[in-house]
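Before any comments, here is the structure.
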There are 2 protein chains.
Amino acid sequence: MTAGSPLRERKKQRTRQALIDAALTLFGSRGFGGVTLDELCDEVEVSKRTFFRYFASKEDVAMAPLEDMWRAFLEGLETADPDGRPLLELMEAALLAALDQVADDAWAGRALLSYRLSRQTPSMDAHTLHFCDSTMRAVLEILHRRLDLPDDARPRLAGDMLVAAWRYALDGWAAGARDRPDGRELAARVRDAVAALPGSLHLTAAPRG
Amino acid sequence: MTAGSPLRERKKQRTRQALIDAALTLFGSRGFGGVTLDELCDEVEVSKRTFFRYFASKEDVAMAPLEDMWRAFLEGLETADPDGRPLLELMEAALLAALDQVADDAWAGRALLSYRLSRQTPSMDAHTLHFCDSTMRAVLEILHRRLDLPDDARPRLAGDMLVAAWRYALDGWAAGARDRPDGRELAARVRDAVAALPGSLHLTAAPRG
DNA sequence: CAACAATATGCCACTCAGTGGCATTCGCTT
DNA sequence: AAGCGAATGCCACTGAGTGGCATATTGTTG
């Protein structure tokens with residue numbers, strides 16, 4: 001065995017990553033619906049049965065980059081120091097930390113592909129939204145356990161606000177079509193979006209013309 | 001022909017409603033996954049092919065009550081008077097108006113069944129989230145057309161805040177397990193949740209114990 | 001009322017995502 | 001080298017969703 005991890009485990013990780021990369025490539029060039037799982041599995045030389053031991057659905061494999069980031073976010077929250085800060089600020093910091101942790105160049109490229117796919121593919125978009133929502137519920141469970149949160153709407157609303165800001169940031173980041181997507185720029189956009197939250201509460205609108 | 005609407009149209013509406021009611025009943029008693037479309041179609045005496053001319057998916061038929069409300073919301077926004085109010089307040093008013101318009105007793109019962117199903121069924125939850133999100137995009141298109149909105153994050157964040165408040169309200173409403181679900185109570189919960197939005201921005205949390 | 005156009009429905013065969021069961025292979029331990 | 005457990009492959013199956021075409025039902029026109 002080499003470098004810490006058992007061989008079997010490394011092999012699994014390689015298979016998993018190969019499936020993700022092949023999926024993003026194939027979906028990216030021929031569209032999500034234009035590729036069957038059989039084709040994807042042939043490409044990676046894996047049986048369809050095995051695919052479903054790694055991923056819960058066809059959508060799931062293409063969402064992996066985002067899922068990895070949220071997983072890091074959850075882990076970070078377990079040990080984050082509340083420090084008397086507002087809840088939203090605490091979550092923002094944890095999100096930025098998670099992003100910083102996973103967002104190397106390879107991740108940024110995959111995340112960009114993944115996000116663009118999900119905006120083109122209704123079923124992927126739905127899965128992504130669902131994943132964010134259930135992750136946020138897990139977040140609130142952790143926070144309720146660790147902090148003395150009130151039992152009213154505010155914690156959940158704050159969580160949904162963070163998700164809204166995150167999605168807006170991701171949207172702008174993906175729209176700025178660069179060849180070299182950059183994790184730090186995404187982080188900056190997250191900060192901006194969170195900063196825009198208070199102003200959106202009282203934004204007034206005049207009729208046009 | 002009777003009372004305005006052509007006979008053919010009424011027949012279609014009856015078939016549609018029969019499918020919705022049968023779906024909510026069957027899914028409610030045996031679970032979403034415990035009922036096949038063939039069974040549902042047999043129940044209503046309609047071919048599976050016809051089912052898919054009314055609904056885009058198995059999930060869709062069980063989301064109909066919520067979809068109807070959002071449709072009314074969209075229509076209301078087309079003519080709503082901005083009146084110099086904050087955007088969020090404008091959307092809240094339109095949501096409450098739409099709710100008031102569609103929420104008779106029959107609707108409340110169906111909406112309750114529908115929401116509970118979607119909380120038990122991941123694929124339905126995902127579809128619901130996706131529907132809310134794309135509806136909110138349509139909302140913003142309308143508002144950008146009618147009002148002089150800034151081209152930054154704030155309008156979208158405000159929209160997502162309304163959705164967050166709506167979902168929280170629905171959650172509490174459905175949890176208060178009543179035999180006679182009431183549309184007016186849901187409206188009150190929406191008002192409360194929207195009112196809680198500002199406070200959630202700066203909510204601070206002390207460590208437990 | 002008869003013939004016609006338009007639209008809604010039914011039927012059939014098909015693709016493909018996802019699952020269960022079981023035999024096989026592979027990595028690890030002793 | 002032998003044996004254990006985990007990962008994989010293979011096969012058959014269910015069920016959602018679609019396309020094509022024939023049929024029926026409604027609305028319209030002479």
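Below, chain A is the first sequence line, B the second, and so on; all start at residue 1.
Residues from residues 18-33 of chain A placing a heavy atom under 4.0 Å of any atom in DNA chain C do not occur. Near DNA chain D, meaning a heavy atom under 4.0 Å away, there are no residues from residues 121-134 of chain A.
As a whole-Å value, the separation of A/K58 NZ from C/dT19 P is 15 Å. Distance, B/F52 CZ to D/dG20 C1': 17 Å, rounded to whole Å. B/D38 places its CG atom 11 Å from the C1' atom of D/dG17, with the value rounded to the nearest Å. Spacing between atom CZ of A/R10 and atom P of C/dC28 amounts to 8 Å, rounded to whole angstrom units. If you measure from atom CG of A/D60 to atom P of C/dG18, you get 10 Å, rounded to the nearest angstrom.
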For nucleotides 4-14 of chain D, give me one character per nucleotide, 5' to 3': B if any protein heavy atom sits under 4.0 Å from the base, S if the only such contacts are to the sugar-phosphate, - if neither. -BSSBBB----
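Residues satisfying the side-chain contact (heavy atoms from CB on, under 4.5 Å) criterion with B/L113, sequence neighbours excluded, are B/L24. Residues passing the ring-ring contact (aromatic ring centres under 6.0 Å, His included) test with A/Y115: none are found, sequence neighbours excluded. With sequence neighbours left out, the ring-ring contact (aromatic ring centres under 6.0 Å, His included) criterion links B/F52 to no other residue. Contacts of A/F73 classified as ring-ring contact (aromatic ring centres under 6.0 Å, His included), with partners at least two apart in sequence or in another chain: A/W70. By the ring-ring contact (aromatic ring centres under 6.0 Å, His included) test, A/Y168 is found to be paired with no residue, residues two or more places apart in sequence or in another chain being considered. Considering only residues two or more places apart in sequence or on other chains, A/E39 meets the salt bridge (Lys or Arg N to Asp or Glu O under 4.0 Å) condition with A/R30. For A/E185, the side-chain hydrogen bond (donor to acceptor under 3.5 Å, both in side chains) criterion is met by A/R178, A/R189, not counting sequence neighbours. Qualifying side-chain hydrogen bond (donor to acceptor under 3.5 Å, both in side chains) partners for B/S134, counting only residues two or more places apart in sequence or in other chains: none.
A salt bridge (Lys or Arg N to Asp or Glu O under 4.0 Å) check over residues 96-115 of chain B, counting only residues at least two apart or in different chains, returns the pairs B/D21-B/R110.
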Does the pair A/R167 and A/L129 meet the rule for a side-chain contact (heavy atoms from CB on, under 4.5 Å), with working shown? CA-CA 10 Å; A/R167 286 174 54 82; A/L129 255 2; 3.1 Å; yes
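Atom CZ of A/R145 is surrounded by more than 12 heavy atoms from other residues, nucleotides or ligands within 6.0 Å.
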